[in-house]
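See below for the structure under consideration.
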Amino acid sequence: MAAIETREKVAELGDKYKYGFVTDIEMERAPKGLSEDTVKYISAKKNEPGWMLEWRLGAFARWKEMREPNWARVHYPKIDYQDAYYYAAPKNTPKKQSLDEVDPKLLETYKKLGIPLHEQMALAGVAVDAVFDSVSVATTFKDKLNEAGVIFCAISEAIRDHSELVKKYLGSVVPVSDNFFATLNSAVFSDGTFVYVPKGVRCPMELSTYFRINANNTGQFERTLIIADEGAYVSYLEGCTAPKRDENQLHAAVVELIALEGAEIKYSTVQNWYPGDENGLGGIYNFVTKRGDCRGARSKISWTQVETGSAITWKYPSVILRGDDTVGEFYSIAIANHFQQADTGTKMIHLGKNTKSRIISKGISAGKAQNTYRGLVSVHPKAEKARNYTQCDSLLIGGECGAHTVPYIEARNPTARIEHEATTSKIAEDQLFYCLQRGIPQDEAVSLIVNGFCKEVLQQLPMEFAVEAQKLVSISLEGSVG
Amino acid sequence: MNAPISTLDARRAKAVEAFRVKGVPHRRVEEWKYSDLHAVLGADKVEQAGAAKWAVETLPRGVELFDLAAGNPPDWVQQRLGSLSNTGAMEAASLAFAKSGFALRVAKNGSGEVRVRFSGEGQARVLVVLEESAAVTLIEEADEFSGFQNIGVELVLGPNARLTQTRLTPKADQAIRICEIAASVAKDAVYRAHIADFGGKLSRTELHIGLDGAGAETHLSGVGALNDGHADVTAHVVHASGKTRSTQLFKYVAGGHARGVYQGKVTVAEGANGSDSRQTAKGLLLGNRAEIDLKPELEILADDVQCAHGAAIGDLDAESLFYLRSRGIPEAEARALLMRAFIGDAVDQIESESVRASVWQAVDAALEGLS
Amino acid sequence: MLEIKDLHAKVDGKEILKGLTLSVGAGEVHAIMGPNGSGKSTLSYVLAGRAGYEITGGSITYKGEDLTTMSPDQRASKGVFLAMQYPVEIPGVTTLTFLKTALNAQRRARGEKEVDAVGVLRLVREKAAAMKVSEEMLKRALNVGFSGGEKKRLEILQMALFQPALAVLDETDSGLDIDALKLVAEGVNALRAPDRAMLVITHYQRLLDYIVPDRVHVLSAGRIIKEGGKELAHELEAKGYEQIIKDAA
C-alpha cells in the first residue's frame with residue numbers, strides 16, 4: 001500500500017530536475033569514437049606540448065589492455081566506448097578579455113544554474129573557473145589570486161604555462177594505470193582545473209568550479225590537480241549539474257590532491273548530475289577517481305561530498321596518509337532515489353606515524369534505489385599510533401530500495417586504534433508523528449529529519465554550499481514517504 | 001535460486017563440478033581475500049584428501065546416528081544431505097569428496113548433549129536434523145594434527161528447535177583446517193554457535209545461516225586467541241523471513257605473526273520486515289608482525305529493520321594497565337588480566353560450563369605466550 | 001469545544017476504546033484517570049490522529065468540525081496539541097530550528113504570516129524563561145540527551161508557544177520529581193484561559209493537586225465508568241482503581 005503510494009509520489013518527481021535544460025550553442029566535436037587519432041586530436045586542439053601527447057598515448061595503450069571493473073554493486077548495460085564523442089567545445093571560443101565577450105547564451109546558462117558570475121561574485125568572494133563541456137570559458141578573480149601567488153586556471157593552460165609543476169605532479173597520486181576509468185581519463189581528458197598554492201600562502205578565497213555537461217553524447221573527462229605547497233591552505237568547491245537527456249552520458253573524472261608539509265586542502269563537492277527519470281531512463285554515469293596524498297608531515301586533506309545526482313555513482317575519494325602526523329577526513333551524504341545506484345565511500349591508507357582519519361558517511365535510499373557505502377581503512381606496519389574513527393549510517397525510505405555497508409578494516413600495527421560503527425534503519429514512525437503533531441506537513445517533516453540525520457556532514461560545507469545542499473536533500477526526497 | 005536437486009548422487013555430482021570449476025580459492029576471490037588457501041594447498045590435495053576420522057563420544061538416547069561411510073543411507077539422509085549446499089568451493093569439495101562423516105536426527109521434543117571429536121587429516125561431512133521443538137547441544141572438539149582437514153556441516157532446525165553448537169579448535173601450527181557450516185533455521189527456532197579458534201597454518205570456519213521463518217534467531221560468538229597462526233571466521237546470516245533476529249560477537253587477540261580475520265555479512269531480504277541484527281567484532285593487536293582484518297557487512301533490502309555493526313581494533317588501554325600496576329600487579333599479569341577482560345564477554349556466550357572452562361584454559365595458554 | 005460520542009478505536013486489530021463519550025467545554029480542564037491499559041494513551045493518539053489508531057465507530061467533533069477526517073498536521077494547525085508522555089528525539093535538528101519550522105508551518109496552514117528567525121527567537125525566549133529552558137538547551141538537538149524533566153518542560157514550552165485551543169496532556173507527570181512537577185504544573189496553569197480546553201491524562205492523583213481539574217473522568221477498559229468533580233481524584237487515591245471499578249460495575 002505505502003509502496004504504491006510511494007511509487008506514485010516519486011513519479012511526480014521526474015519533472016523536478018531544475019537543471020534539466022539544454023543550452024543551444026554550436027559545438028565543435030572530435031569525430032565519434034576512441035582511437036589514437038582521437039587522443040592526438042584532443043592534444044592538438046589543446047596545443048599541448050609533445051610530452052603531454054606521449055603521456056596520453058601511453059595511457060591509451062594501457063587502457064586498451066584493461067577491463068572495466070565489476071566489483072561494485074552497480075548494474076548498467078555495457079558501455080560502447082566507440083559510440084561517444086570525446087571532445088566537444090563551443091565553436092569560436094573567444095579570446096576573452098572580459099566577461100562581456102562571453103556568449104550571452106552561455107552566461108544565461110550560468111544564470112539558470114545560479115552561479116553568480118558577475119558582480120555578485122565580488123560580494124560572494126568566490127572565484128569561479130566555469131567549465132562548459134571541455135573548455136574553460138571564463139575565469140574571474142585572477143588578479144586577486146595572482147597577488148597571492150595562487151595559480152588557478154584551466155589545466156590545459158597549466159600544461160602550457162606551468163609545465164614543470166604539471167609534469168611533477170600529474171599522475172603522481174592517481175597513476176596512469178590506476179584503474180580502467182582513470183586510465184581512460186588520462187588518455188582523453190579534455191579540461192579541468194589546476195590549482196597551485198605556494199608555500200605559506202592561505203588562499204584568500206574559496207575556489208569554485210562548476211562543471212556542466214551540455215553537448216549530447218559527450219563524455220566529460222575533466223582532470224583536476226591541486227597542489228598545496230608547504231604550509232599552504234586552500235578550500236575548493238565543486239558543483240556539478242547536467243541537462244536532462246534520455247541517453248546515458250559518461251563522466252569519468254580524475255581529481256588529484258597533493259598536500260605538502262603542513263598544508264591543508266579542503267575539497268567539497270555538491271554533485272547533482274541528472275539522475276535519470278522516474279523509470280530509470282537516462283542519467284549520468286559518474287565514474288570518478290578522487291585521491292589525495294598527504295605527502296608532507298602534518299598535512300591535512302578533507303573531502304566533503306553531497307551526492308544527490310547521477311544514475312550511477314562510482315567514487316571513493318581517498319587519502320594516502322603518507323607523512324607523519326597527517327590527517328584525512330571524508331564526510332559524505334549520498335542520496336539515491338528512483339532507480340539511482342550509488343556505490344561510494346573512501347579509502348584511508350595510513351602509512352605515516354600518528355596519522356589520523358575520520359569517516360562520516362550518511363546514506364539515504366528511497367524509491368527503487370541501491371545505495372552502498374564501501375570503505376577501506378588500512379593501517380600499514382609503520383603507521384605507529386594511527387587512529388581512525390568511522391561512523392556510517394543508512395536511512396531507508398520505502399521497502400523497495402536497498403542500503404548496503406561494506407567496510408574493510410585492516411590493521412598491521414599494534415599501536416593502531418580503529419573504531420567503526422554502522423547503523424541501518426528507516427525514518428522512525430514516532431519521529432514523523434511528533435513532527436506532524438506539531439503541525440509540520442509530511443514532506444517538510446521528512447526533509448527536517450533527513451537533514452538532521454545528515455547534519456554532521458552538512459556542517460562541513462562552506463555556508464553558501466550548505467544551504468544549497470540542504471535544499472537538494474529536500475528536493476531529492478520530495479514525496480518519497482507515502 | 002537453483003531448483004532442488006532430486007537425489008544425493010546428483011547433488012554430489014554437482015558439487016564435484018562446482019569444485020573443479022572454482023578450484024582452491026585464492027586471495028583474489030573476494031570471500032578469501034584475507035585467507036589465501038591456494039597459497040598453501042593444491043587442488044589435488046583436496047581431491048585426494050581421504051577420510052577424516054570422527055567419533056561421537058556422547059549420544060543421548062533417542063538420537064539416531066547414521067555413519068555416512070555405510071551404504072544405503074535412509075530416506076531422511078537421502079533427502080537432506082547436500083540440500084543446504086551452497087556454491088562455495090570448499091563446501092562443494094567436502095560434499096563431493098568426503099568419504100566419512102555422520103548424520104544425526106533428533107526426534108520431536110528430543111533433547112541432550114552430543115560430543116563429537118574430529119581427528120587427523122581428510123574430509124568429512126556432517127548432517128544434523130532437529131525436528132520440531134528438539135533441543136540439542138553439539139560440542140565439537142578436535143585433536144592437534146598437521147595437514148589438511150575439511151569438514152562440511154549441515155544443520156536443519158525444525159520449528160521451535162534449539163541447537164547450541166560449540167566448535168573448539170586447538171592451536172595446530174601445521175594444520176590447514178576448513179569447516180563450512182550451513183544452517184536452515186525454521187520458525188521460532190534458535191541456532192547458537194561459538195567458535196573458539198586458536199590458530200593454524202590456515203584455519204577457517206564459514207557459516208551460512210538462513211533465518212527462514214518468523215521468530216527464528218541466531219546468535220554467533222567466537223574468540224580467536226592467536227600467538228601465531230591464522231584464524232578466520234566468515235559468516236553470512238540471511239534474514240530470509242521477517243521478525244527474525246541475529247547477533248554476532250567476535251573477539252580476536254593476535255600476537256607474533258598471527259592473522260585474525262572476521263568477515264560477517266548480514267543480509268535482510270526484500271520484505272523481511274521487523275528484522276533485527278547486531279554485529280560486533282573487536283581485535284587486540286599485540287605483535288609487530290600480526291594483522292587483524294575485519295569486514296562487517298550489511299546488505300539491507302527491506303526498510304523496517306534495525307541493523308547495526310561495530311568494529312574496533314586497538315591495543316591494551318595504557319591507563320588501565322597503569323592503574324593495575326599501581327595496585328601492585330606485575331605488568332605481565334596486568335596485561336593478561338586486561339586481555340582476559342577483553343575476550344571475556346565473547347567466551348561467556350558459551351552456555352556449557354565445562355566447555356567454557358576448556359575454552360578459558362586454551363585462552364589462558366595462548367595469552368601466556370603473548371603477555 | 002470537544003465532543004466525543006460513543007468512540008470505538010482499534011490498535012493492531014484489538015479494540016481498545018469501546019464506546020467512550022466525553023464532552024469538554026471551552027475554558028474547562030478535565031482529567032482522565034485510569035489504570036494501565038485502560039486506553040488513556042490510545043485516546044490521546046486518536047485525538048491527535050496517529051497512524052495505526054483506527055476509529056471503528058462513534059464521532060469526535062472539535063469546534064463543530066469532524067476531527068477524524070483531518071491529518072495530524074491539520075489538527076495541529078487548528079489548535080490541537082498533544083503533550084506526549086515520551087517526547088521523541090530527533091538527532092541533528094536543533095530545538096530552535098524545530099520550533100521555528102513547526103510554528104511557521106502552523107501559521108502557513110492558517111494563512112498567517114510567517115515569523116522570521118529573530119521573531120521566533122524572541123517568542124521562544126519569552127516562554128523559555130518561565131519553563132527554565134536555557135539557551136543552551138535550545139541549541140541542542142531536539143530532546144536528544146534531555147533528562148525526563150527537560151523533555152516535559154520543553155513540551156509545555158511548545159504548548160505556550162503554539163497557544164492551542166485544545167491541549168491534551170498525556171501522563172505529563174510521569175518521570176518527574178516534585179520540583180519539576182510543580183514547574184510543569186505552573187506552566188500549564190498559566191495557560192488556562194476562557195478560550196482553551198485541557199484534557200489532563202494521568203494515572204495518579206498527585207498531578208491534580210497542582211493542576212486542579214473542573215471534572216474528573218475514570219476510564220476503564222475503554223469507557224468512562226465514573227465522573228465527578230475534583231474530589232473524585234481523592235476518592236480514587238483512597239480507594240484504588242480496583243474498588244472504584246467494582247463499585248461502578
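Order of the sequence lines fixes the chain letters, A, B, ..., with proteins taken first and strands second; residue numbering starts at 1 for each chain.
- The interface of residues 204-228 of chain B with chain A, defined by heavy-atom distances below 4.5 Å, is empty.
- Within 6.0 Å of atom NE2 in B/H38, 12 or fewer heavy atoms from other residues, nucleotides or ligands are found, so the atom counts as exposed in its surroundings.
- Expressed to the nearest 0.5 Å, how far OG1 of A/T405 lies from CG of B/L298 amounts to 4.5 Å.
- At a heavy-atom separation below 4.5 angstrom, chain A is approached by B/E270, B/L285, B/L286, B/G287, B/N288, B/A290, B/E291 within residues 264-291 of chain B.
- Interface remark: B/Y262 contributes no atoms to any contact with chain A (heavy atom separation under 4.5 Å).
- When the candidates A/S394, A/S365, A/G402 are compared by the number of heavy-atom contacts under 4.5 Å with chain B, A/G402 comes out ahead.
- Only the side chain of A/Q370 comes within contact range of chain B, judged by heavy atoms closer than 4.5 Å.
- Heavy atoms of A/R387 lying under 4.5 Å from chain B are absent altogether.
- For a residue to count as touching a neighbouring chain, one of its non-hydrogen atoms must lie under 4.5 Å from one of that chain's; by this rule A/A416 touches chain B with the backbone only.
- Surrounding NZ of B/K295 are more than 12 heavy atoms belonging to other residues, nucleotides or ligands, all under 6.0 Å away.
- Residue B/K33 qualifies as enclosed at atom NZ: its count of foreign heavy atoms under 6.0 Å is above 12.
- Counting heavy atoms of neighbouring residues, nucleotides and ligands inside a 6.0 Å radius, atom CZ of A/R62 does not exceed 12 of them.
- Scanning residues 231-252 of chain B against chain A with a 4.5 Å non-hydrogen threshold yields no residues.
- Note that the CD atom of B/E297 and the OH atom of A/Y408 stand 6.5 Å from one another [nearest 0.5 Å].
- Using non-hydrogen atoms only and a strict 4.5 Å limit, the part of residues 300-326 of chain B facing chain A consists of B/I300, B/L301, B/A302, B/D303, B/D304, B/V305, B/Q306, B/C307, B/A308, B/H309, B/G310, B/A311, B/A312, B/I313, B/G314, B/D315, B/L316, B/D317, B/A318.
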